[in-house]
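Okay, structure first, notes after.
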Amino acid sequence: MATGHTDPQRRDRILTATLDLIAEEGTAGVSHRKIAARADVPLGSMTYHFSGIDEVLREAFRHFTGHIVALFDEHLAVPADRDQAREAVADLIHALSAGSRRDLILTQELYTLAARRPCYRELTHEWMARSRSHLEKHFDPDTARQLDALIEGLTLHRALTAEPHDRLLTLDAVTRITGPSGATARTCPADHVAGQ
């Protein structure tokens with residue numbers, strides 16, 4: 001094991017090890033001893049860098065949400081107009097749903113933890129606000145809020161279904177929320193029946 005003086009990345013390794021363990025065993029399976037072993041650090045490093053397991057979990061999840069927000073930035077920093085922004089949102093949904101299983105599990109673990117323990121809701125509120133700030137570069141705040149929820153829902157549906165829906169359906173859903181544009185929304189057969 002490296003000493004603290006020659007291991008400046010120790011804290012980050014602890015956070016990464018924590019996220020790996022959460023993805024494998026859930027938050028209930030995480031302990032100081034398991035994290036230290038996974039990060040290859042002395043057990044004392046845990047209490048040196050963090051006040052307790054709650055701080056480790058909060059900082060690990062903050063690190064994780066930063067990674068997801070960076071994906072929002074990667075996709076939404078480039079579009080020059082509203083139509084391009086719609087395409088970028090559709091691409092983001094497909095990138096997230098086709099991404100690592102680890103990210104999908106960590107997202108659900110954080111939501112579950114926040115639902116059970118209000119002190120963790122600060123993280124989800126912060127995460128949503130940061131995600132929406134990227135969407136608000138292209139859409140009004142109410143639309144950005146709706147899109148944020150759509151991104152979460154469609155990502156989860158695509159990741160967990162045996163037959164993920166195609167990109168055209170994703171773009172149609174984004175267009176329905178963001179209003180009329182140059183893009184033509186796909187017409188569903190049910191629309192014809194409802195109009196008769």
Side-chain angles (χ1 to χ4, degrees), residues 19 23 58 60-196:
L19 292 171
R58 281 195 302 271
F61 277 123
R62 186 167 279 116
H63 182 76
F64 168 69
T65 59
H67 157 69
I68 300 297
V69 170
L71 291 176
F72 271 68
D73 185 45
E74 180 183 321
H75 284 82
L76 295 168
V78 177
D81 61 32
R82 199 172 176 88
D83 285 339
Q84 289 180 6
R86 288 184 181 95
E87 296 281 350
V89 171
D91 290 342
L92 173 62
I93 291 168
H94 284 250
L96 290 170
S97 62
S100 74
R101 278 306 211 210
R102 178 181 184 269
D103 285 358
L104 177 67
I105 292 168
L106 289 172
T107 298
Q108 300 314 308
E109 286 286 341
L110 174 55
Y111 287 157
T112 301
L113 192 60
R116 288 182 175 150
R117 301 184 58 192
C119 64
Y120 285 90
R121 287 185 198 154
E122 170 195 338
L123 282 173
T124 56
H125 289 300
E126 178 186 307
W127 181 12
M128 290 176 197
R130 291 173 68 195
S131 298
R132 285 197 301 266
S133 72
H134 288 293
L135 293 165
E136 287 173 9
K137 294 172 185 173
H138 309 285
F139 307 101
D140 67 85
D142 287 343
T143 301
R145 184 179 292 269
Q146 293 170 3
L147 277 177
D148 195 28
L150 178 75
I151 291 166
E152 294 287 344
L154 288 184
T155 295
L156 186 61
H157 280 237
R158 287 198 84 252
L160 297 181
T161 188
E163 297 180 7
H165 66 266
D166 63 20
R167 190 178 180 286
L168 186 58
L169 187 146
T170 301
L171 187 57
D172 180 41
V174 171
T175 301
R176 286 170 186 255
I177 286 178
T178 58
S181 73
T184 302
R186 179 166 61 186
T187 303
C188 298
D191 294 337
H192 296 299
V193 174
Q196 291 177 352

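A quick note: this is a predicted structure, and the numbers were derived from the prediction, not measured.
- When each of Gln146, Arg86, Arg82 is paired with Thr178, the side chain to side chain donor-acceptor pair (under 3.5 Å) condition holds for Arg86 and for no other.
- Of all non-hydrogen atoms in Ser131 and Val69, the two that sit nearest each other are OG-CG2, 4.1 Å.
- The CD1 atom of Ile105 sits 12.0 Å away from atom CG of Leu19, with the distance rounded to the nearest 0.5 Å.
- Residues Glu152 and Leu156 are not in side-chain contact: their nearest non-hydrogen atoms beyond the backbone lie 4.5 Å or more apart.
- Annotation: side chain of Asp91 is not in contact with side chain of Thr170 (no heavy-atom distance under 4.5 Å).
- Remark: Thr124 engages Leu110, Tyr111, Ala114, Arg121, Met128 in a side chain to side chain contact (heavy atoms under 4.5 Å, CB included) (not counting sequence neighbours).
- We find the NE2-CG distance between His75 and Leu71 to be 7.0 Å, quoted to the nearest 0.5 Å.
- For the ring-ring contact (aromatic ring centres under 6.0 Å, His included) condition, no pair includes a residue of residues 134-159, sequence neighbours left out.
- Considering CG of Leu123 and CZ of Arg117, their distance stands at 11.5 Å, rounded to 0.5 Å.
- Scanning all heavy atoms of the two residues, the minimum distance from Ala23 to Leu106 falls at N-CD2, 3.9 Å.
- With hydrogens and angles disregarded, a donor-acceptor distance shorter than 3.5 Å links the side chain of Ser97 to the backbone of His94.
- Nearest approach of Ala88 to Leu76, heavy atoms of both residues: CB-CD2, 3.9 Å.
- Counting only heavy atoms from C-beta outward, the side chains of Leu160 and Leu104 approach each other to under 4.5 Å.
- Of the possible donor and acceptor atoms, none in the side chain of His67 sits under 3.5 Å from a partner among the backbone N and O of His63.
- Other residues, nucleotides and ligands contribute over 12 non-hydrogen atoms within 6.0 Å of the CZ atom of Arg62.
- Between Glu87 and Asp83 the shortest side-chain heavy-atom distance does not fall below 4.5 Å.
- In summary, of the residues considered (Leu96, Ile68, Thr155), a side chain to side chain contact (heavy atoms under 4.5 Å, CB included) with Asp103 occurs for Ile68 alone.
- Using a 4.0 Å cut-off between a side-chain N of Lys or Arg and a carboxylate O of Asp or Glu, Arg130 and Asp73 do not qualify as a salt bridge.
- Taking the six-membered ring where the residue is Trp, Phe61 and Phe64 present perpendicular rings, their angle passing 60° and hence far from 30°.
- The nearest pair of heavy atoms linking Arg167 to Ala90 is NH2-CB, 3.9 Å.
- Residue-environment remark: CD (Gln84) exceeds the threshold of 12 foreign heavy atoms within 6.0 Å.
- Taking CZ of Arg132 as the start and CD1 of Ile151 as the end, the distance is 11.0 Å to the nearest 0.5 Å.
- When side chains are defined from C-beta on, Val174 counts as touching Ile93, because their heavy atoms get closer than 4.5 Å.
- For the pair Leu135 and Ala144, the tightest heavy-atom approach, listed with the atom from each and the gap, is CD1-O, 3.5 Å.
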